[in-house]
Amino acid sequence: MTSRVLMVLVTMVGCIQAADKYWDYIVVGAGPGGLQMGHFLQKAGRNYVLLERNSVVASFFQKYPRHDKLISINKRHTGKKNTEFNLRHDWNSLLSDDKSLLFRHYSKLFFPQRVQLLDYMADYQKKLGINVQFHTEVSNIRKETNATTNKTVFLMDDQNGNTLKCKVLIVASGLSKPVEPTFEGREFTENYSNVSINPDDYEGKTVVILGRGNSAFELAESIYGSTNFIHMIGRSRVRLSWATHYVGDLRAVNVALLDTYQLKSLDAVLEATVHEEAMRLVKVKDRLKVVVNMNGSEISLQNYDHFPMRELYDKVIVCFGFQFDNSIFSSSLNITKSEDEEDKFPLIGYDYQLRDVEDLYIAGGASHGPDYRKSSGGFIHGFRYTGSRPHRMLEWKYEGVPWPSISILSTDLLATIIKRINEGSGFYQMFGMLGDVMAIRSSGEEIEYLEEVPVNLLDRLSEITGHSYDEVIVLILQYGANYSGPDKDVFRSDRATAQPEISYKSNFLHPVFFHYRHLPTAEQMSSKTKYEILPRPDHMHHIVEDFLTLWDAPSSHHLPLRRYLETVLDRDLRTFYASDCFEMAMLHQMVPLYCQQYYLSGRGIVKAEPLFQQS
Ligand SMILES: *[C@@H]1O[C@H](CO)[C@@H](O)[C@H](O)[C@H]1NC(C)=O
Ligand SMILES: *[C@@H]1O[C@H](CO)[C@@H](O)[C@H](O)[C@H]1NC(C)=O
Ligand SMILES: *[C@@H]1O[C@H](CO)[C@@H](O)[C@H](O)[C@H]1NC(C)=O
Ligand SMILES: *[C@@H]1O[C@H](CO)[C@@H](O)[C@H](O)[C@H]1NC(C)=O
Ligand SMILES: *[C@@H]1O[C@H](CO)[C@@H](O)[C@H](O)[C@H]1NC(C)=O
Ligand SMILES: *[C@@H]1O[C@H](CO)[C@@H](O)[C@H](O)[C@H]1NC(C)=O
Ligand SMILES: *[C@@H]1O[C@H](CO)[C@@H](O)[C@H](O)[C@H]1NC(C)=O
């Protein structure tokens with residue numbers, strides 16, 4: 001009797017446990033990328049959940065970076081109160097409407113500690129009420145089509161045997177799996193994930209660090225005062241972020257070992273391939289010998305007796321960074337890695353959708369593939385935008401809500417643009433990737449303005465925004481074409497120009513406008529050279545770079561821009577006082593567009609003053 005009751009109970013519990021659960025949107029991972037997406041889904045009132053395997057949000061930061069110090073800047077003061085502008089220099093906050101959720105309230109350190117980010121992320125989730133289901137580890141993600149309804153859903157299992165289902169899947173699990181080089185003797189190496197960070201463990205030791213990234217240099221810096229010396233090995237030359245303008249390259253805050261190398265204080269940096277065909281480690285008593293192959297044969301000390309790594313080492317540490325973990329997907333889904341040299345990212349398009357799996361999107365750090373080594377999409381200050389702009393695409397694609405846009409009079413365009421180029425944070429952080437689009441309506445009298453659209457999808461603009469456009473002006477920010485690079489002298493005396501006449505030679509980040517009478521085709525988008533962000537437009541305009549990144553100068557910044565817009569729209573965009581308009585209306589048959597739009601039609605009557613003085 002009792003055992004029967006028990007059996008029934010067990011069956012019932014089993015039933016409850018094996019329940020199917022459905023949401024429209026599942027976000028896998030509650031790190032910064034997942035939380036940002038969660039906030040937008042929450043705000044839009046969607047049926048969604050974030051599935052997090054740990055008991056806290058942003059759990060990666062419970063352990064990493066090992067040395068506690070983040071390299072994303074916490075710039076608390078800019079001298080400005082404008083929230084949007086300040087986000088240009090705030091690299092840790094996620095986007096929200098809650099001003100208490102700015103990272104500046106969580107740390108005074110310019111390079112904050114990881115625990116401070118953990119606190120911030122926890123508050124972000126709680127205050128915004130983002131729906132997170134903790135302790136849920138998903139696996140075997142697959143796709144199924146219902147034969148009767150012909151609808152596809154994603155299915156996945158959790159560790160308790162539940163099947164979780166959704167219509168749209170967003171994977172925001174970050175780069176969580178260490179990159180593991182393979183070579184003989186790998187078992188003798190120590191690894192970034194659990195190597196000692198106590199300098200005392202390196203007293204009088206000779207150390208090799210395999211890897212060239214920020215974590216490798218940070219480790220080196222923390223121990224180089226204790227070691228005999230450190231050799232750092234990487235495949236390619238050192239890439240300094242101040243030269244490449246890529247925040248993922250070696251940051252100035254971590255370069256200490258370059259000093260001791262160039263000043264010949266025993267530490268050194270060299271280039272070699274770390275791979276099973278190129279090297280192996282051999283134990284010699286309790287020390288390690290690095291044996292290197294070159295052109296297929298081992299370098300022998302007999303004929304190359306000044307081989308740089310001929311001394312024995314005490315520790316070899318692998319510091320190769322992290323990659324996307326695709327083990328959560330069933331092999332029935334075709335999850336391919338990107339074609340970049342490091343294979344770190346899943347292969348996605350500029351719409352952040354998997355190339356080969358419809359309705360599956362990547363958000364957060366793993367969505368960096370399309371702008372790897374170009375822009376900031378691998379970092380909080382980048383993917384908070386590239387995680388939210390795709391959200392707008394999802395809203396159109398799945399919910400029928402078009403991309404937000406505002407309609408303005410063409411005589412207001414100049415003022416709108418000037419405000420955007422001096423404030424807009426999304427296209428500032430995601431330079432070359434996101435841009436404002438101005439669609440020209442009513443033969444130049446009206447403009448429809450869209451903020452921060454992925455410009456690489458320009459040929460599909462109507463499809464992704466839900467508006468049908470043809471003639472557009474696109475505004476992006478960019479560095480000079482040949483200015484950035486690991487071997488470029490970015491401090492040379494002619495690095496910047498001050499002359500508006502040659503603004504196209506600007507090197508530092510500056511606004512660039514592209515006017516297309518017709519949207520570029522897919523073919524034009526794919527046939528641009530690597531120096532071009534967008535295909536050749538009908539009219540192009542650069543605003544000269546500015547030392548203050550403040551484009552507020554009436555004659556150097558605004559006048560050339562107005563002339564450009566006047567050419568493109570074939571309209572007079574000057575602004576006038578009301579009294580002048582009335583005088584002109586008395587004396588002439590035609591009055592300028594501004595007078596028509598503001599004083600005669602009455603549409604803009606609220607603005608009694610000209611926006612800008614005439615030059
Ligand atoms: C397919 O959809 C129909 C209608 O919603 C439903 O009744 C049926 O159970 C579904 N089939 C499967 C295999 O899920
Ligand atoms: C099911 O949907 C797919 C893609 O949405 C479509 O190509 C196919 O023709 C549809 N099949 C049926 C039977 O409706
Ligand atoms: C480092 O990783 C390699 C490969 O996974 C492993 O063989 C080795 O034992 C690890 N070293 C330590 C100290 O954990
Ligand atoms: C590091 O982790 C590996 C397993 O991943 C383990 O074998 C090793 O003992 C750990 N090393 C240290 C120093 O804790
Ligand atoms: C390896 O090959 C390259 C060209 O293939 C050659 O320039 C170089 O000298 C070779 N190095 C050695 C050590 O033989
Ligand atoms: C999987 O993706 C690769 C790379 O994009 C492609 O070549 C291949 O055809 C795809 N396979 C399937 C079954 O979709
Ligand atoms: C940049 O350099 C490339 C290769 O040297 C050259 O083809 C291109 O014209 C240069 N672009 C500019 C804007 O100077």
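Each residue takes its place number in the sequence, starting with 1. Hydrogens, waters and symmetry mates play no part in the numbers below; they use all other heavy atoms, side chains included. Indexing begins at 1, ligand by ligand and atom by atom, following the structure's order.
Between Thr189 and ligand 3, at least one pair of N/O atoms sits closer than 3.5 Å.
With distances taken over non-hydrogen atoms, the option nearest atom 6 (C) of ligand 1 out of Asn146, Thr145, Asp20 is Asn146.
Using a 4.0 Å threshold on non-hydrogen atoms, atom 2 (O) of ligand 1 counts as touching the protein. Counting only heavy atoms, the protein gets under 4.0 Å from atom 10 (C) of ligand 1. Remark: atom 14 (O) of ligand 1 lies closer than 4.0 Å to at least one protein heavy atom.
Under the 30°/60° scheme for interplanar angles, the aromatic rings of Tyr246 and His368 are found to lie parallel. Classified by interplanar angle (parallel below 30°, tilted 30° to 60°, perpendicular above 60°), the ring pair His306/Tyr304 is perpendicular.
The protein heavy atom nearest to atom 5 (O) of ligand 1 is Thr149 CG2, 3.8 Å.
For an aromatic pair to be called close, the ring centres must be under 6.0 Å apart, and Tyr192 with Phe320 fails this. Aromatic rings of Tyr106 and Tyr120 (six-membered ring for Trp) have centroids within the 6.0 Å cut-off, being under it.
Against a heavy-atom cut-off of under 4.0 Å, Thr148 is close to the following atoms of ligand 1: 1 (C), 2 (O), 3 (C).
Here the rule is salt bridge (charged side-chain N to carboxylate O under 4.0 Å, His left out) with Asp359, and of Lys167, Lys397, Lys151 only Lys397 fits it.
For Lys315 and Tyr202, the positive end sits near the middle of the six-membered ring, less than 6.0 Å away and at most 45° from its axis.
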